[in-house]
Amino acid sequence: MDAAKISTGQELLSRRYLTAFRIPKISHRFTDVLVIGSGVGGLSAAIHAAKVDGETEVLLIAKSELSDCSTNYAQGGIAAVLEPELNADSTASHLHDTIEAGCGLADSQTVEQVVTEGVERVRELIQMGARFDLDQGKIHFTREGGHSHPRILHAADSTGREIERALIDNALKYPNLTSLPHTFAIDLLIHPEGSACGAIVHRPTGVLQTIWAKQVILATGGAGRLYRETTNPPVTTGDGLAMAFRAGALLRDMEFVQFHPTTLYVAGADRFLITEAVRGEGGKLIDSTGQRFMTSYHPRGELAPRDAVSRGIIRRMKETGDNKVYLDLSDLPPEKIQEHFPQIHQICLSFGIDIAREPIPVRPSAHYTIGGVKVDAEGATTIPGLYAVGEVSSTGLHGANRLGSNSLLEGLVYGTRAGRKAAREARRISRLPIPFEPREEEGAAASEAGYLDLPDLQKSLQSLLWHRAGIERSGPELEASLRQVKEWISYVLPISFHNPVGWTLQNMLTGAYLIIRGALRRAESRGVHFRTDFPEQRREWERHQEVSREILEGENEEIGSKRKP
Ligand code: FAD
Ligand code: SIN
């Protein structure tokens with residue numbers, strides 16, 4: 001198959017809205033700025049939008065509890081050079097490390113913006129009440145793979161929980177900021193003239209509602225749950241990516257999915273993350289014979305970039321025939337383990353593993369969605385009035401491989417920028433959007449849910465991505481999985497579901513299609529994307545890969561015209 005010419009399932013392109021809605025029949029709500037998502041990106045955006053004049057009405061929705069998001073699970077910390085003199089560090093060094101990790105695709109202006117403004121944002125977070133670990137009264141900085149210096153602030157091994165707590169506490173103080181948890185965004189509303197003007201949502205009572213807004217900020221996180229093995233919480237099903245795609249936004253680099261090398265591997269246990277900071281503090285990877293192995297695969301050993309460590313583990317597992325390796329903490333003083341990694345200690349203990357004495361069984365899992373909705377320096381997408389911040393976005397910071405602890409920072413910086421910009425823009429627009437009915441052909445298809453076992457299909461999809469579009473990929477496997485996903489799309493996308501379970505599966509299929517398609521076309525290995533049939537980086541691929549409805553429609557037309565006699 002010519003990877004550049006892959007016809008797209010027509011069903012994927014024919015759905016503009018996953019649900020039909022009739023304006024006179026449903027309730028409407030109006031706001032100045034709508035924020036979809038309550039992680040670090042969404043909360044930062046909402047707070048800064050609400051702060052601009054204290055009057056701009058901000059509505060923040062989340063599909064579950066506000067704190068149910070990846071942000072809340074972040075462990076290692078947040079990278080920012082707050083005290084350069086302490087570790088002979090500099091923002092220039094942070095910039096250099098980030099660009100190096102990005103394997104030729106990190107955007108230097110974006111990196112500079114994030115590493116410099118990030119320092120200010122982290123100080124602001126501390127002023128908001130976030131408490132990070134101290135060492136003799138000064139901030140304790142830890143280290144992770146790819147960072148040349150210890151520059152990561154952390155709150156033991158529960159940094160995300162502390163950041164989320166501080167942001168939620170702060171957000172609740174603004175009378176002009178309202179939050180609606182358990183509100184599932186189904187689709188973005190785009191005015192016939194082209195700008196974003198709200199979203200159609202499903203309320204916890206089971207009813208549909210339209211939220212009309214002057215500006216919309218998408219902060220829905222990543223798509224880790226598309227994979228069978230993942231560190232991500234259940235909310236990360238790539239809804240925002242699929243919504244933005246249906247609405248016509250430009251996405252890019254969907255093939256770049258980052259795998260974290262070390263997640264707890266015990267039968268029946270969730271793939272609980274074992275933070276890279278454990279290796280930063282001296283943890284060693286060993287195989288089942290007790291042999292340390294990472295140094296034979298990479299000069300930086302356990303602190304090599306994540307893609308190299310993940311592949312090193314996979315290779316050693318193949319060599320030994322085991323389904324896991326081990327993380328040995330025996331070089332760390334027991335009091336350090338208790339103090340720095342209390343959560344990991346506790347969780348492992350609940351499975352009978354005392355990490356001070358026994359190595360932790362680990363293996364890699366899907367962790368972070370590098371690709372996403374393409375944005376500019378303010379977080380603005382290609383659709384006027386629509387912004388994307390946090391993991392759903394593609395800012396250019398991470399290139400082809402994300403440096404650990406850079407994403408919370410990115411969420412703070414871009415959340416703040418987009419929140420401020422959206423509020424200022426909303427102030428310039430005098431009238432709230434006037435509700436409109438979607439054109440008939442854009443409405444939901446007529447087909448009703450038949451005899452579908454949705455959880456089974458979801459599991460099959462997750463398994464397919466893990467095995468065929470995982471840490472190592474190959475052309476023939478990607479082709480076969482693309483065919484499989486298209487087949488599922490052909491009978492799942494046309495259905496009109498009436499609840500989030502069905503819409504979620506439709507979003508996951510859309511995300512899976514975009515990831516596999518991107519991975520099949522990128523005929524090289526770069527950063528987190530490793531092709532066994534193209535193991536080298538190729539100069540002609542030192543570029544981003546963009547995708548949108550329009551691009552896919554164009555390709556389909558081209559293929560169709562070639563087929564004509
Ligand atoms: P999230 O925090 O995931 O929030 C997404 C929000 O979108 C949620 O509120 C969700 O309800 C909402 N949402 C999604 N779909 C819909 C919908 N259809 N309708 C309504 N709402 C919706 N990064 C670091 O920098 N340092 C770390 O130490 C670190 N550790 C990590 C550890 C783990 C276990 C994981 C999973 C990630 C870690 N990361 C870390 C990555 C980082 O946590 C995430 O990239 C970041 O928190 C994403 O923030 P976000 O605001 O984009 O999305
Ligand atoms: C970790 O703590 O290892 C995760 C850090 C990150 O993903 O940025």
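Predicted model, so just to flag it, every value in this text is computed and none were measured. Atoms within each ligand, like the ligands themselves, are counted from 1 in listed order. When a residue number appears, it is its place in the shown sequence, counting from 1.
Here Thr183 has backbone heavy atoms under 4.0 Å from ligand 1, and that is the only part of it that gets that close. Here Asn406 has backbone heavy atoms under 4.0 Å from ligand 1, and that is the only part of it that gets that close. By the criterion of a heavy-atom distance under 4.0 Å, the side chain of Arg306, and not its backbone, is placed next to ligand 2. Residue contacts with ligand 1 for His202 are absent, since no atom lies close enough (heavy atoms, distance under 4.0 Å).
For Ala219, the heavy-atom gap to ligand 1 drops under 4.0 angstrom. Residue contacts with ligand 1 leave out Gly160, since none of its heavy atoms falls under 4.0 Å from the ligand. At a 4.0 Å cut-off, at least one heavy atom of His367 sits close enough to ligand 2 to count as contact. Using a non-hydrogen distance threshold of 4.0 Å, Thr159 does not register as a contact of ligand 1. Using a 4.0 Å cutoff on heavy atoms, Thr159 does not count as a contact of ligand 2.
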Verdict with reasoning, His398 to Tyr368, per ring-ring contact (aromatic ring centres under 6.0 Å, His included): CA-CA 11 Å; His398 310 304; Tyr368 185 86; 5.2 Å; yes
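Side chains of Phe184 and Ile36 form no contact here, defined as non-hydrogen atoms less than 4.5 Å apart. No side-chain heavy atom of Phe256 sits less than 4.5 Å from a side-chain heavy atom of Arg402. Tyr17 places none of its side-chain heavy atoms less than 4.5 Å from the side chain of Arg246. For the pair Thr369 and Leu226, the minimum side-chain heavy-atom distance is 4.5 Å or more. A heavy-atom distance below 4.5 Å is found between the side chains of Gln209 and Arg29. Counting heavy atoms from C-beta outward, Ser38 and Ser179 have side chains that stay 4.5 Å or more apart.
Taking both residues in full, the closest heavy atoms of Ala155 and Arg131 are given as CB-O, 3.6 Å, listed atom of the first, atom of the second, then distance. Of all the heavy atoms in Thr382 and Leu250, the pair that sits closest is OG1-N, 3.0 Å. Scanning both residues, Pro359 and Tyr326, for their nearest heavy atoms gives CB-CB, 3.7 Å.
In this structure, of His182, Glu391, His367, the residue bringing a heavy atom nearest to atom 37 (C) of ligand 1 is His367. Checking Thr275, Leu409, Thr262, Thr231 against atom 1 (C) of ligand 2, the nearest heavy atom belongs to Thr275. Across Pro233, Ala74, Ser393, Ser44, heavy-atom proximity to atom 40 (C) of ligand 1 is greatest for Ala74. Of the listed residues (Arg402, Glu410, Lys63, Gln258), the one carrying the non-hydrogen atom nearest atom 11 (O) of ligand 1 is Lys63.
In terms of protein heavy atoms, atom 34 (C) of ligand 1 is closest to Tyr73 O, 3.5 Å. Remark: minimum distance from atom 14 (C) of ligand 1 to any protein heavy atom is reached at Thr220 O, 3.4 Å. Counting protein heavy atoms only, atom 3 (O) of ligand 1 is closest to Ser70 N, 3.1 Å. Ranking protein heavy atoms by distance to atom 15 (N) of ligand 1, first place goes to Asp239 OD2, 3.4 Å. Summary of contacts: the protein heavy atom closest to atom 36 (C) of ligand 1 is Asn232 ND2, 3.3 Å. The nearest protein atom to atom 8 (O) of ligand 2, hydrogens excluded, is given as Ser405 N, 2.6 Å; this is a heavy-atom distance. For atom 23 (N) of ligand 1, the nearest protein heavy atom (residue, atom name, distance) is Ser407 OG, 2.8 Å. For atom 12 (C) of ligand 1, the nearest protein heavy atom (residue, atom name, distance) is Gly37 CA, 3.7 Å. In terms of protein heavy atoms, atom 19 (N) of ligand 1 is closest to Ala185 N, 2.8 Å.
Considering both main-chain and side-chain atoms, Ala277 never comes within under 3.5 Å of ligand 2 through any nitrogen or oxygen pair. In terms of polar-atom proximity, Cys69 is not counted as a contact of ligand 1, lacking any N or O under 3.5 Å from an N or O of the ligand. Of the polar atoms of Gln75, at least one N or O is found under 3.5 Å from an N or O of ligand 1, judged by distance alone. In terms of N/O distances under 3.5 Å, ligand 2 is approached by His260. Between Ser38 and ligand 1, an N or O atom pair is found at a separation short of 3.5 Å. Any N or O atom pair closer than 3.5 Å counts here, and Gly77 shares at least one such pair with ligand 1. Taking only nitrogen or oxygen atoms, main chain and side chain alike, Thr231 does not reach within less than 3.5 Å of ligand 1. Remark: ligand 1 and Val235 share no N or O pair separated by less than 3.5 Å (distance only, no angle test). For ligand 1, the polar-atom distance check finds no N/O of Leu66 at less than 3.5 Å from any of the ligand's N/O atoms. At least one N/O-N/O distance between Leu408 and ligand 1 falls below 3.5 Å. At a 3.5 angstrom cut-off on N or O pairs, Thr71 counts as close to ligand 1. At a 3.5 angstrom cut-off on N or O pairs, Gln75 does not count as close to ligand 2. Any N or O atom pair closer than 3.5 Å counts here, and Ile78 shares no such pair with ligand 1.
Ring orientation note: the planes of His340 and His154 are close to parallel, at an angle under 30° on the 30°/60° scale.
Using a 4.0 Å cut-off to heavy atoms of Leu273, the atoms of ligand 2 that qualify are 1 (C), 2 (O), 4 (C). Taking every non-hydrogen atom of Glu276 and a distance limit under 4.0 Å, the qualifying atoms of ligand 2 come out as 1 (C), 2 (O), 3 (O). Using a 4.0 Å cut-off to heavy atoms of Arg402, the atoms of ligand 2 that qualify are 6 (C), 7 (O), 8 (O). Proximity to Gly404 (heavy-atom distance under 4.0 Å) selects the following atoms of ligand 2: 8 (O).
Note that Arg363 lies in the cation-pi zone of Tyr265, set by a 6.0 Å cut-off to the ring centre and a 45° limit from the axis.
Between the side chains of Ser158 and Gln343, a donor-acceptor pair is found at a separation under 3.5 Å. For the residue pair Gln258 and Arg306, a side-chain donor N or O sits within less than 3.5 Å of a side-chain acceptor on the partner. Side-chain contact, Thr231 with His367: a donor N or O sits under 3.5 Å from an acceptor N or O. A donor atom on one side chain and an acceptor atom on the other are not found under 3.5 Å apart for Glu391 and Ser70. Donor-acceptor pairing under 3.5 Å is lacking for the side chains of Arg225 and Gln458. With no hydrogens or angles considered, a side-chain donor-acceptor pair links Glu410 and Thr395 at under 3.5 Å. Side-chain atoms of Asp97 and Ser148 form a donor-acceptor pair, as typed in the model, at a separation below 3.5 Å.
Side chain of Ser44 to main chain of Thr416: no donor-acceptor pair is present (N/O by atom type, distance under 3.5 Å, no hydrogens or angles). Checked by atom type and distance alone, the side chain of Arg271 pairs as donor or acceptor with a backbone atom of Ala269 at under 3.5 Å.
The ring-ring contact (aromatic ring centres under 6.0 Å, His included) test with His202 singles out one residue from Phe21, Trp503, Phe497, and that residue is Trp503.
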